Amino acid sequence: MTIVISCGVLLAFALVAFCVIKWWGLRVVGVTPVPLFTFIAILFTSGLDVGLIMFPLGEFPVYADTETAPEYGFTNPLAIEFGFWGFLIWAFYFLTSFYFCVVEPRVKFFAIPAVKILNNIVIVGTCAFTASLFLVYLPSYIPEIGDGESVVATFYVIVFCVILAAAYSSTDIKFVKVLSVGSTILFAALIALLWAYAGIGLGEMGGTMSLIGGYFANLHKFVTPINAYHEFYLFWWFAWSIMIGQFTARFVGGLRTQYLLLALLVIPSIPLAVWFTILYYYSSNDISTVGLLNGAMIIVGITFVINSLDSLIRLYSDNLSITTERFGKLPYIAGNVAVLFTLTLLFQSQWLQIQWIGAVVVAIYLACLAFILITKRREVAEIQASPPENKLDYTKISAAH
């Protein structure tokens with residue numbers, strides 16, 4: 001599997017370079033364009049999930065234990081955490097957003113029946129994996145329920161309600177803007193709360209954040225897997241990449257190719273850097289988050305999960321023509337909840353693994369490239385602009401459903 005993901009990552013970065021060089025200056029406009037802040041909010045909250053909130057405090061000690069895991073010894077734990085979530089890895093989302101906005105309308109690879117089915121299996125599976133992560137990590141963030149380790153009935157009810165909320169919100173695209181901007185604001189508020197609670201001074205904040213420089217000094221080490229755990233992360237990012245690209249491509253608001261890449265690499269990385277810096281300060285100084293802070297993190301985590309599931313449910317439902325207009329709102333919601341909750345339980349029991357889904361996505365990348373080279377090379381070579389039907393009109397989202 002290491003060879004599979006290594007080849008996939010190198011191929012993705014090569015394609016990013018190709019797209020930027022060939023279509024430098026091309027204005028990228030989606031079907032339902034939105035302003036930059038809204039677009040980044042949609043991408044940030046849809047393209048990240050509850051792991052961003054729940055993983056780091058448990059991971060920092062692992063990255064610091066270089067006796068057990070000497071492969072982490074080349075830099076500090078904060079740099080490693082940032083490297084697993086920030087900057088370079090967001091190039092995957094640039095590639096897929098650009099492809100679905102500019103190239104796919106001319107190629108129609110994902111309209112091929114077999115590809116369409118496989119793509120939607122990936123989307124549904126990743127949806128369930130997101131919910132299963134939330135379920136697995138809930139006990140440690142709400143130790144007041146159960147023994148702090150086991151998944152008890154209450155946690156299943158919480159996850160069921162989260163899936164239900166996401167299925168409901170997916171019935172109208174107008175919820176996307178509200179959820180995404182709202183999640184971004186809540187995340188910013190959570191950062192401010194943790195910062196104030198710990199009383200971190202600007203000097204301490206700056207000194208801690210400077211450790212992220214260890215990532216940029218060792219950027220090449222993050223391209224291919226450092227170990228099995230990093231490999232899991234890369235497969236996870238691949239599993240998300242095509243889906244998030246499909247979903248967010250419709251919202252790209254007229255940025256030129258090079259600026260779109262720059263925006264995706266830099267803008268989301270800033271709040272990530274601040275967030276990880278604060279959590280690392282908590283970890284390094286043994287500051288507990290039990291109580292109010294854990295509750296706040298759970299609330300933000302829930303909004304992230306609802307946001308992510310909303311975007312993915314909407315995506316596969318549209319792809320498969322499973323719409324409220326066709327089936328009615330109640331059957332639409334009930335069907336999505338039943339499927340996702342069942343798959344969530346399968347992931348939670350380890351019957352399914354995200355690495356399998358990531359490997360399928362790598363295969364889809366390769367198949368798409370081969371399809372273009374064999375049958376659509378001329379059409380792609382002649383692309384000089386976004387599809388003409390995509391107009392830069394920010395009012396479209398208000399009229400969309």
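Note that the structure is a prediction, hence the values are computed from the model and not measured.
- The side-chain hydrogen bond (donor to acceptor under 3.5 Å, both in side chains) analysis of residues 157-166, with sequence neighbours excluded, yields no pairs.
- Judged as a ring-ring contact (aromatic ring centres under 6.0 Å, His included), and not counting sequence neighbours, the contacts of F371 are F109.
- Under the ring-ring contact (aromatic ring centres under 6.0 Å, His included) criterion, Y215 pairs with F82, F222, sequence neighbours left out.
- When the ring-ring contact (aromatic ring centres under 6.0 Å, His included) test is applied to F235, no partner is found at least two apart in sequence or on another chain.
- Applying the ring-ring contact (aromatic ring centres under 6.0 Å, His included) rule to F55 yields the partners Y137, W236; only residues at least two apart in sequence or on another chain are considered.
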Give the table of side-chain donor-acceptor pairs shorter than 3.5 Å for residues 9-25, with sequence neighbours excluded, one pair per line with atom names and distance.
from, atom 1, to, atom 2, distance (Å)
K22, NZ, A381, O, 3.3
W23, NE1, I383, O, 3.0

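- For Y233 and W85, the ring centers are positioned less than 6.0 Å apart.
- Taking the six-membered ring where the residue is Trp, the centroids of Y365 and F238 are separated by under 6.0 Å.
- Every residue meeting the side chain to side chain contact (heavy atoms under 4.5 Å, CB included) condition with A69, not counting sequence neighbours, appears here in chain and number order: E71, Y72.
- With hydrogens and angles disregarded, no donor-acceptor distance shorter than 3.5 Å links the side chain of N285 to the backbone of I287.
- Under the rule for a side chain to side chain contact (heavy atoms under 4.5 Å, CB included), the partners of S170 that lie at least two apart in sequence or sit in another chain are D310, I313, R314, Y332.
- With sequence neighbours excluded, the residues that form a salt bridge (Lys or Arg N to Asp or Glu O under 4.0 Å) with E382 are R378.
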Please tabulate, for the side chains in residues 200-207, all donor-acceptor contacts under 3.5 angstrom to protein atoms that are two or more places apart in sequence or on a different chain.
from, atom 1, to, atom 2, distance (Å)
E204, OE1, G201, N, 3.0
E204, OE2, Y281, OH, 3.2

Ignoring hydrogens and angles, write down the donor-acceptor pairs under 3.5 Å from the side chains of residues 267-279, residues two or more places apart or on other chains.
from, atom 1, to, atom 2, distance (Å)
S269, OG, F87, N, 2.9
S269, OG, L265, O, 2.6
W275, NE1, L52, O, 3.0
T277, OG1, A273, O, 2.6

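- The minimum heavy-atom distance between S241 and V361, with the atom names listed, is OG-CG1, 4.1 Å.
- For F160 and F341, the gap between ring centers is short of 6.0 Å.
- V360 is linked by a side chain to side chain contact (heavy atoms under 4.5 Å, CB included) to L118, V122, I364, counting only residues two or more places apart in sequence or in another chain.
- For Y63 and Y280, the distance between ring centers is not under 6.0 angstrom.
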